[in-house]
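Small disclaimer: the values here were computed from a predicted structure and weren't measured.
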Amino acid sequence: MQQGLVRMGALSEDDFTQIRQLADICHAHDGIRLKLNWELMSHREPGLTSDFGYYHDNQLVGYMPLDGFGEDYEITAMVQPEYRRQGIFRQLLSEARAEAIRRGAKELLLVNYKRSVSGTDMAQALGFPYRFSEYRMVADVDSMPQAADIQLQLVEETEND
């Protein structure tokens, strides 16, 4: 039986199911779709721990992936609402941070959402500075206007370009 903090190896189908369920619970409570890079999560580098879970009675109640992009790393976290304010995020963060340092990380970015009251409160309590915002735009392909018929000409670049 899994209990407490777990450094997760290669994620199994059961792991993905529990992560999706946890994401759905957090979305229903907070109204926020967390940024989880499912493609990265399903193709982790063998031998490296990039996922950290927190279990209560074999049920995933906290999750934090560590995604690396060169020397920069990014974390997103979710903790089931009724398990918040119990130190789970801090334990997940401590493990992910230690792993990022082991890998030679130059920067560790915490992804948080403006509408996430609990995430914003946690970032402020830990003294994390606000650095920048990202926006996500989604287009419905069927409702997009037709693009003008434009002729493109490809030209090889030179040193003067």
- Kindly check if the number of other-residue, nucleotide or ligand heavy atoms within 6.0 Å of CZ (Arg97) is above 12?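 No.
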- Message: Taking CZ in Arg103 as the centre, count heavy atoms belonging to other residues, nucleotides or ligands within less than 6.0 Å. Is the count above 12?
- Response: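 More than 12 heavy atoms, drawn from other residues, nucleotides or ligands, come within 6.0 Å of this atom.
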- Does one hydrophobic cluster hold both Leu40 and Leu108, with members joined at side-chain heavy-atom distances below 4.5 Å?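 In one cluster with Leu40: Leu108, no.
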- Query: Under 4.5 Å between side-chain heavy atoms, hopping through other hydrophobics if needed: is there a path connecting Leu11 to Trp38?
  - Reply: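 They do share one cluster, since a chain of ILVMFWY contacts under 4.5 Å joins Leu11 to Trp38.
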- Query: Under 3.5 Å, is there a donor-acceptor pair between the side chain of Arg33 and the main chain of His27?
  - Reply: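 Between the backbone of His27 and the side chain of Arg33 there is no qualifying donor-acceptor contact (under 3.5 Å).
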- Examine distances only and state if a side-chain atom of Glu71 and a backbone atom of Ala105 form a donor-acceptor pair shorter than 3.5 Å.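 Answer holds: no.
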Using 0.5 Å steps for rounding, measure from the [atom1] atom of [X] to the [atom2] atom of [Y].
X: Gln91; Y: Gln86; atom1: CD; atom2: CD; result: 10.0 Å
X: His56; Y: Glu82; atom1: NE2; atom2: CD; result: 10.0 Å
X: Asn37; Y: Leu34; atom1: CG; atom2: CG; result: 13.0 Å
X: Tyr63; Y: Phe89; atom1: OH; atom2: CZ; result: 14.0 Å

Could you tell me whether the side chain of [Y] reaches within less than 4.5 Å of the side chain of [X], counting heavy atoms only?
X: Ile25; Y: Arg20; result: no
X: Met41; Y: Phe16; result: yes
X: Met8; Y: Thr49; result: no
X: Tyr54; Y: Met64; result: no

Nearest atoms (heavy-atom pairs only) where [X] meets [Y]:
X: Tyr83; Y: Val61; value: CE1-CG1, 3.5 Å
X: Leu36; Y: Pro65; value: CD2-CG, 4.0 Å
X: Gly53; Y: Leu60; value: CA-CD1, 3.8 Å
X: Phe52; Y: Leu66; value: CE1-CB, 4.0 Å
X: Met78; Y: Leu22; value: CG-CD2, 3.8 Å
X: Val79; Y: Arg84; value: O-NE, 2.8 Å

- side-chain contact (heavy atoms from CB on, under 4.5 Å) assessment of Asp57 paired with Gln3: CA-CA 6 Å; Asp57 291 336; Gln3 187 74 14; 3.6 Å; yes
- Message: Closer than 4.0 angstrom, basic N to acidic O: yes or no for Asp67 and Lys35?
- Response: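 A salt bridge is absent here (no side-chain N lies under 4.0 Å from a carboxylate O).
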- Item | salt bridge (charged side-chain N to carboxylate O under 4.0 Å, His left out) contacts touching residues 3-18 (sequence neighbours left out) |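 Qualifying pairs: Arg7-Glu95, Arg7-Glu99.
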